[in-house]
Amino acid sequence: MSEPIKTDVLIIGAGPVGLFAVFELGLLDIKTHLVDILDKAGGQCGELYPEKPIYDIPGIPMVTGQGLTDALIEQIKPFNPQFHFGEMITSIENVGDPLFRVSTDAGKIFECKAIVIAAGGGSFQPKRPPIVGIEAYEEKSVFYAVRKMDAFRGKNLIVVGGGDSALDWTLNLQPIAKRLTLVHRLDDFRGAPDSVNKMRALVASGAMDLKIGQVTDLEGADGKLAAVSIKDKDGALSRVEVDCVLPFFGLTMKLGPVADWGLDMEDGLIKVDVSTFETNRPGIFAIGDINTYKGKLKLILSGFHEGALMAQKAHHYVHPEKRLVFQYTTSSTSLQKKLGVA
Ligand SMILES: Cc1cc2nc3c(=O)[nH]c(=O)nc-3n(C[C@H](O)[C@H](O)[C@H](O)COP(=O)(O)OP(=O)(O)OC[C@H]3O[C@@H](n4cnc5c(N)ncnc54)[C@H](O)[C@@H]3O)c2cc1C
């Protein structure tokens with residue numbers, strides 16, 4: 001077992017909310033390390049929709065998931081956060097007052113005065129469609145997320161599903177695909193009506209195909225798809241030649257070890273005090289999609305607000321001897337010095 005890494009606050013999860021927490025804590029002279037199961041920062045924004053536009057970040061009319069992640073990483077640079085990717089936090093122990101020992105599945109140990117859980121939905125995994133042998137094609141011809149749209153340029157694509165993700169990726173990929181076919185088991189879509197209308201207009205103009213049915217068989221070799229069989233509602237089979245299949249059957253959020261940390265939970269989410277975003281365990285905070293309270297909205301902007309309030313209370317644990325003075329970044333020279341702009 002390695003020597004403990006000492007830090008003021010350990011942040012579990014480097015999604016947008018964990019990243020912005022570094023900023024709010026940094027302004028209060030609180031040093032942070034972040035641990036994430038993924039191999040990069042950004043959480044859902046980076047993993048699930050890096051190239052999709054987000055329109056409801058205050059003051060930014062449009063930014064992609066990756067663009068927001070990049071901007072947050074730039075914004076927190078002055079605070080020099082330390083990232084530990086590809087590791088999962090498995091356990092949290094109280095070893096002092098206030099002192100926590102936190103372990104990862106890779107054998108790393110952290111010692112910190114407060115913990116911020118910004119673990120989103122836990123480790124999110126796409127739901128796999130019930131097609132025999134699909135595993136052999138995953139990440140070669142079958143993809144559950146679009147990391148780089150250009151990887152699909154000029155290809156024959158099949159998008160499977162009837163929700164927002166399936167419709168959004170149909171509309172985004174159709175212009176660059178050689179030919180795109182959307183497959184859904186019903187002629188009834190759960191996605192936004194505007195997306196459904198746009199998709200139907202493309203089908204009517206002959207720019208793409210819509211098939212009502214289910215993908216039943218995959219044909220190919222060494223992970224490379226050649227064609228799929230689609231069974232319609234009357235049981236008739238058709239064969240479609242294809243390079244890639246993109247199933248969007250939703251995500252399974254696996255909460256993982258968070259459930260074993262002695263925290264008050266409700267439906268797999270952590271209950272918090274809304275004035276501080278502290279959990280029932282003093283010194284442990286939960287912000288972003290992982291928490292629940294009356295009126296909670298799973299929006300990035302809600303997580304940013306929660307991070308600002310969390311930092312005020314975390315300051316009591318990290319710097320109990322210091323009085324906290326509320327300051328604006330516009331007018332405080334001391335804050336501007338921390339940001340390296342004064
Ligand atoms: C398709 C789609 C579109 C969206 N569009 C918008 C939008 O337009 N506007 C908006 O406001 N919101 C949108 N959202 C929601 C938004 O992405 C989430 O609210 C936001 O990502 C929550 O951020 P977070 O940091 O709390 O969690 P996440 O982004 O889920 O990040 C949590 C991180 O914690 C890590 N983690 C989990 N458990 C552990 C552990 N035990 N140890 C280490 N790491 C761990 C995960 O790997 C993950 O990287 C959208 C979501 C989706 C799926």
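The chain is numbered in sequence order, starting from 1. Note that ligands are numbered from 1 as they come in the structure, with each ligand's atoms numbered from 1 the same way.
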Testing the 3.5 Å rule here: is there a donor-acceptor pair between the side chains of [X] and [Y]?
{"X": "H315", "Y": "K322", "value": "no"}
{"X": "R101", "Y": "N94", "value": "no"}
{"X": "Q214", "Y": "D232", "value": "no"}
{"X": "K52", "Y": "N172", "value": "no"}
{"X": "E278", "Y": "Y317", "value": "yes"}
{"X": "Y49", "Y": "Q66", "value": "no"}

Does only the side chain of [X] get under 4.0 Å from ligand 1, or the backbone, or both, or neither? Count heavy atoms.
{"X": "D164", "value": "neither"}
{"X": "A118", "value": "backbone"}
{"X": "D56", "value": "side chain"}

Which of the atoms in ligand 1, numbered in the order shown and given with their element, are less than 4.0 Å from a heavy-atom of [X]?
{"X": "V17", "value": "23 (O), 24 (P), 25 (O), 26 (O)"}
{"X": "I54", "value": "7 (C), 8 (O), 9 (N)"}
{"X": "K298", "value": "19 (O)"}
{"X": "V35", "value": "43 (C), 44 (N)"}
{"X": "G13", "value": "33 (C), 34 (O), 35 (C)"}
{"X": "G288", "value": "26 (O)"}
{"X": "I12", "value": "40 (C), 42 (N), 43 (C)"}
{"X": "E87", "value": "43 (C)"}

Tell me which one of [options] gets a heavy atom nearest to [atom].
{"atom": "atom 38 (N) of ligand 1", "options": "S165, G121, A119", "value": "A119"}
{"atom": "atom 42 (N) of ligand 1", "options": "I89, N291, L19, L68", "value": "I89"}
{"atom": "atom 15 (C) of ligand 1", "options": "F304, Y49, Y55, F20", "value": "Y49"}
{"atom": "atom 45 (C) of ligand 1", "options": "I37, L34, T104, L299", "value": "I37"}

With rounding to the nearest 0.5 Å, note down the distance linking [atom1] in [X] to [atom2] in [Y].
{"X": "H33", "Y": "T7", "atom1": "NE2", "atom2": "OG1", "result": "4.5 Å"}
{"X": "I12", "Y": "I117", "atom1": "CD1", "atom2": "CD1", "result": "5.0 Å"}
{"X": "F100", "Y": "K113", "atom1": "CZ", "atom2": "NZ", "result": "12.5 Å"}

Task: side chain to side chain contact (heavy atoms under 4.5 Å, CB included) partner of V245, the single match among I134, T181, I158 - done: I158
- [ ] Please determine which of D168, L167, D194, L180 meets the side chain to side chain contact (heavy atoms under 4.5 Å, CB included) test together with M199.
- [x] L167
Open item on the list: Any nitrogen or oxygen of D36 lying under 3.5 Å from a nitrogen or oxygen in ligand 1? Just yes or no.
Closed with: yes
TODO: Answer yes or no: does an N/O atom from Q44 fall short of 3.5 Å to an N/O atom of ligand 1?
DONE: yes
Task: Non-hydrogen atom of G122 closer than 4.0 Å to ligand 1 - done: yes
